[in-house]
*Asks:* 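Pasting a structure here, questions to come.
Note on naming: letters A, B, ... go to the chains in the order of the sequence lines (proteins, then strands), and numbering restarts at 1 for each one. Computed over heavy atoms, backbone and side chain alike; hydrogens, waters and symmetry mates excluded. Since we're looking at a predicted model, the values are computed, not measured.
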2 protein chains.
Amino acid sequence: MALPSDSRAPLLANYVERSKDRIVATLADWVRIPSISADPAHRRDLETSAELCANLLREAGLRNVAVLPTGTPAGPGGPAVYGDWLDAGPTALTALVYCHHDVQPADPLKEPWSSPPFEPVVNDGVMWGRGTSDDKGQVMAQIEAARGLLLERGSLPVNLKFLVEGEEELGSPHLEALLEHHRDQFAADVVIVADTTMLAPGTPSTSIAMRGLVAFDIALRTAKTDLHSGTWGGTVPNAALLAARLASSLHDADNRVTLPGFYDRVRELSGAEAAAFAAVPFDEEVYKGQAGVAYLEGEAGRTPLERTGTRPTAEVVGIHAGYAGPGIKTIVPAEANLKLALRLVPDQVPDEVEASLRAWLAERVPRGCEVRITRHGGVKPLVTPLAHPAMKALATAIKRVFGVPPLLTREGGSGPEESLSRVLQAPVIALGVSLATDNFHAPDEHFDLGQLWQGVLAGAELLIELGKLEDVHGQLPGD
Amino acid sequence: MALPSDSRAPLLANYVERSKDRIVATLADWVRIPSISADPAHRRDLETSAELCANLLREAGLRNVAVLPTGTPAGPGGPAVYGDWLDAGPTALTALVYCHHDVQPADPLKEPWSSPPFEPVVNDGVMWGRGTSDDKGQVMAQIEAARGLLLERGSLPVNLKFLVEGEEELGSPHLEALLEHHRDQFAADVVIVADTTMLAPGTPSTSIAMRGLVAFDIALRTAKTDLHSGTWGGTVPNAALLAARLASSLHDADNRVTLPGFYDRVRELSGAEAAAFAAVPFDEEVYKGQAGVAYLEGEAGRTPLERTGTRPTAEVVGIHAGYAGPGIKTIVPAEANLKLALRLVPDQVPDEVEASLRAWLAERVPRGCEVRITRHGGVKPLVTPLAHPAMKALATAIKRVFGVPPLLTREGGSGPEESLSRVLQAPVIALGVSLATDNFHAPDEHFDLGQLWQGVLAGAELLIELGKLEDVHGQLPGD
């Protein structure tokens, strides 16, 4: 991406310098609130976290700040927080910052933390604690960007809205309903997602695509009841074996997914996209270390980054059949459950993948077995149009803060971005300053405060650059 | 088997006629005790059941009756019951009757019973209730055989011992230690197992072989922790998929087990065995109905009865990896557990099968994956020598009661028979009058009282026939 030469210092450099202590103290206060959306026991903490977030928005100068309940009274969801500043004038662009204040459970992996997850500590410029990087630290960066600009200039260059979700870590079960319900209030020309990573310190990057997702729960039954393996073993169908055979036939010898027509709609990268992708630095040993694996495997003829960023995949996320206790029980299992999650890329369509899976199963499951297929989710793959003016604004802002423009990456997973883009009919750009090594979703989550400061600076510069644009509405993904 | 023509009526015919009401009432009392060995909450019931059994033995005229604790004080097992009658004289043969008083849980399958499992009812000559067939009804038959003979003749034709186990339904975890500890007390020339089935009413049969068993718990780890399927899916190893691939490669296209050398030692049936086997009636539809399956599968070129009776098999008894809850969790599982149970036939050796499995795994599990293999059990296949005099005694007794000699079958599974045979150095013969349709291990267990009366008659005739033998000690399996 060709950018104008531009050596002005970031506008909020001084603001950040004199605000560091306050920001760190405030972030620590927030991290102390265990706003774990997955655990109903932390519902009150989630509400306290939302109130703290609302206060931060108010103190920053945002208006119309409100905590928005989600879900139903019978099944309440995590509360979201909204705030806006809309005095940039009728021709100015409107940006909506999306991020979230809920956090992962402290110990999904039952491994020890070096320091208690909800008692944040700062060591050598790094804050340790659950939610420091995902996502409270990044939310702070964007709120401080607005606060600093309002303080330094008395106004913002764009109309700005914040939507801080309260159940992103649950897969945003009520986000779409929330967006639909507040569609006019949330309306924006561009959505800025502040919940992504950059490749490495000093190597900014931004995601221009996210894979879609469709998942299936497949329940199999081969007999009325579990059977004794001595009496019947070797001559009756075994549900565990059937599930294993299905799972193992999901890929061919080249690790390509065997669902019929699965690759028919897969769009190969354009020349520009392929070049951008090839420019992303990659060290296989580092990558394996980050994943905690000893080897890589996947679709033949594709690099690891191509596989996760540009190619559709099918994962066995669960397989369960038969005896699970200690020792052995000599049964032929009658029931099995197989859970598959398929990541989709443009232009795959969840409904078509479901039809293909059903045909695939019909071919492989013997007559007389019961099969129940339950589909979960159906997120279309998302691509940010490279030519959209907001992308150039983002690149300019990042170059001003980091000295280099962002590398363009693709995210393997899909968060709420697809809903935001679709319901609000706006392009989604990603300004993320977390690092893949921050251990979000794992013990010892942490956030480099240097990344936080750069996040504040880049957030402000992005608003300034977006303020120079006019009439970008309607330049949607795919346009 | 050529048997002498012999039309004498069974000796205890009158005894049975006049004792029916008492026997039925006693059995019902016993069935009312939920002696479920799998559930620690029923420990007291197991003890009550053992006391009732001990009283039955005493009332029958057995001596030295005792309830024998098993396990350790820290981890007590189900109590066994012993009793004997040893006045047949020094040249008479000694027989040990093995059976058990513990029962299966009432609802392993969470399906409803037509009447409460521990409130036995008799309808049309059938008693319904947990343990009626497996094994309290069959224990009653053998105790009554001894009681009737002692009443009618004042003595028994053999020295007789009863060993009524209290944890057969758990896989007899302490039986071997119990046998070792009481080796001299339990010493016998022949073991009569009263815990097997016959093919159909009017079609007596006896098992002359039981498959051995060796089982493995295989723990796999492909990554340090579960990974996000969006970020990593498609390029890192997936433990669930690895387990599925291992399970599905356990058999080839002919459903033959792929462990190297697995069939090398498998003995094909002799001409006489094959003829006996071919004489067993088989109706595939009935068989499928009994199993509750819609189709059969297994080793190519073998009939269902050959597969379960004469061929080694490998069953996936459990496969567990990844997410098991409702809906979907988008992970790449890091850990998997695979449980395999292999049934062995003569002359396979558990140790050799283990070595073969380890080689097989080494070939299939990629470097960098952790594999932990835990072996459970190691029961050698058991064959009763057809030429042993006790087999002819059994056949004569059965013909006298049922009018036809027993068909010779092989049991697919191995119970405690291998331990009994090995520790006591005695051949094991099976006098079973339960039917495969009795729903043992399932809801609505029941026992046809007609089978019970024939069991009493046949038990007495067997003791009479064994009383005609001398000096059979040392004629062991394989001799």
*Asks:* Nearest heavy-atom pair of A/L435 and A/F440: which atoms, and what distance?
*Replies:* O-CE2, 3.3 Å

*Asks:* Return the option, out of A/G325, A/A291, A/A294, A/A336, with the maximum number of heavy-atom pairs under 4.5 Å with chain B.
*Replies:*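 Most heavy-atom pairs under 4.5 Å with chain B: A/A291.
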
*Asks:* Using the side chain to side chain contact (heavy atoms under 4.5 Å, CB included) rule, take B/L340 and B/I218 through it: C-alpha gap first, then chi angles, then the decisive distance, then the call.
*Replies:* CA-CA 8 Å; B/L340 306 178; B/I218 301 165; 3.8 Å; yes

*Asks:* Which one, A/A334, A/A239, A/P304, leads in non-hydrogen pairs under 4.5 Å with chain B?
*Replies:*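 Going by pairs under 4.5 Å, I would pick A/P304.
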
*Asks:* Looking at A/E299, A/E315, A/E306, which makes the most heavy-atom pairs under 4.5 Å with chain B?
*Replies:* A/E315

*Asks:* To the nearest 0.5 Å, what is the distance between CZ (A/R245) and CG (A/N238)?
*Replies:* 8.5 Å

*Asks:* Looking at chain A, which one of B/G233, B/A436, B/A223, B/C369 has the largest number of heavy-atom pairs inside 4.5 Å, strictly under?
*Replies:* B/G233

*Asks:* Checking heavy atoms, do the side chain of B/L227, its backbone, both or neither come under 4.5 Å from chain A?
*Replies:*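 Only the side chain of B/L227 comes within 4.5 Å of chain A.
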
*Asks:* Between A/L250, A/V316, A/L242, which shows the greatest number of heavy-atom pairs under 4.5 Å with chain B?
*Replies:*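 Heavy-atom pair counts peak at A/V316.
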
*Asks:* Side chain, backbone, both or neither: which part of B/Q290 has a non-hydrogen atom closer than 4.5 Å to chain A?
*Replies:*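 It is both, since atoms from each part get that close.
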
*Asks:* Can you tell me if B/R211 uses its side chain to pair, donor with acceptor, with the backbone of B/P312 under 3.5 Å?
*Replies:*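 No.
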
*Asks:* For the candidates B/A324, B/A247, B/A243, which exhibits the highest count of non-hydrogen atom pairs separated by less than 4.5 Å from chain A?
*Replies:* B/A324

*Asks:* Between the side chains of A/R307 and A/T313, is a donor N or O closer than 3.5 angstrom to an acceptor N or O?
*Replies:*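 A/T313 and A/R307 do not have a side-chain donor-acceptor pair below 3.5 Å.
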
*Asks:* How long is the straight-line distance from OH of B/Y323 back to NZ of A/K339, given to the nearest 0.5 Å?
*Replies:* 6.5 Å

*Asks:* Among B/L246, B/T330, B/I319, single out the residue with the greatest number of heavy-atom pairs under 4.5 Å to chain A.
*Replies:*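 Max contact count across the listed options: B/I319.
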
*Asks:* Tell me, side chain or backbone of B/Y287 under 4.5 Å from chain A's heavy atoms, or both, or neither?
*Replies:*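 Contact with chain A is through both the backbone and side chain of B/Y287.
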
*Asks:* Select, from A/G298, A/S249, A/A321, the one with the greatest count of heavy-atom pairs under 4.5 Å involving chain B.
*Replies:*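 Of the options given, most contacts go to A/A321.
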
*Asks:* Which one wins on heavy-atom pair count under 4.5 Å against chain A: B/L338, B/D217, B/T374, B/L241?
*Replies:*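 Going by pairs under 4.5 Å, I would pick B/L241.
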
*Asks:* Closer than 3.5 angstrom, by distance alone: can the side chain of B/E417 be matched with the main-chain N or O of B/M210 as a donor-acceptor pair?
*Replies:*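 No; zero donor-acceptor contacts below 3.5 Å.
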
*Asks:* Between B/G234, B/G318, B/G368, B/S248, which has the largest tally of heavy atom pairs under 4.5 Å with chain A?
*Replies:* B/G234

*Asks:* State the CG-CD distance between A/N439 and A/Q104, to the nearest 0.5 angstrom.
*Replies:* 12.0 Å

*Asks:* From the options A/P416, A/S37, A/P173, select the one residue that forms a side-chain contact (heavy atoms from CB on, under 4.5 Å) with A/E168.
*Replies:* A/P416

*Asks:* Identify which part of B/T231 has an atom lying under 4.5 Å from any heavy atom of chain A, answering side chain, backbone, both or neither.
*Replies:*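 For B/T231, the contact with chain A is made by the backbone alone.
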
*Asks:* Could you look at B/R367 and say if it's the side chain, the backbone, both or neither that has a heavy atom under 4.5 Å from chain A?
*Replies:*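 For B/R367, the contact with chain A is made by the backbone alone.
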
*Asks:* Could you have a look at A/A215, A/A314, A/S229 and say which one has the most heavy-atom pairs with chain B under 4.5 angstrom?
*Replies:* A/S229

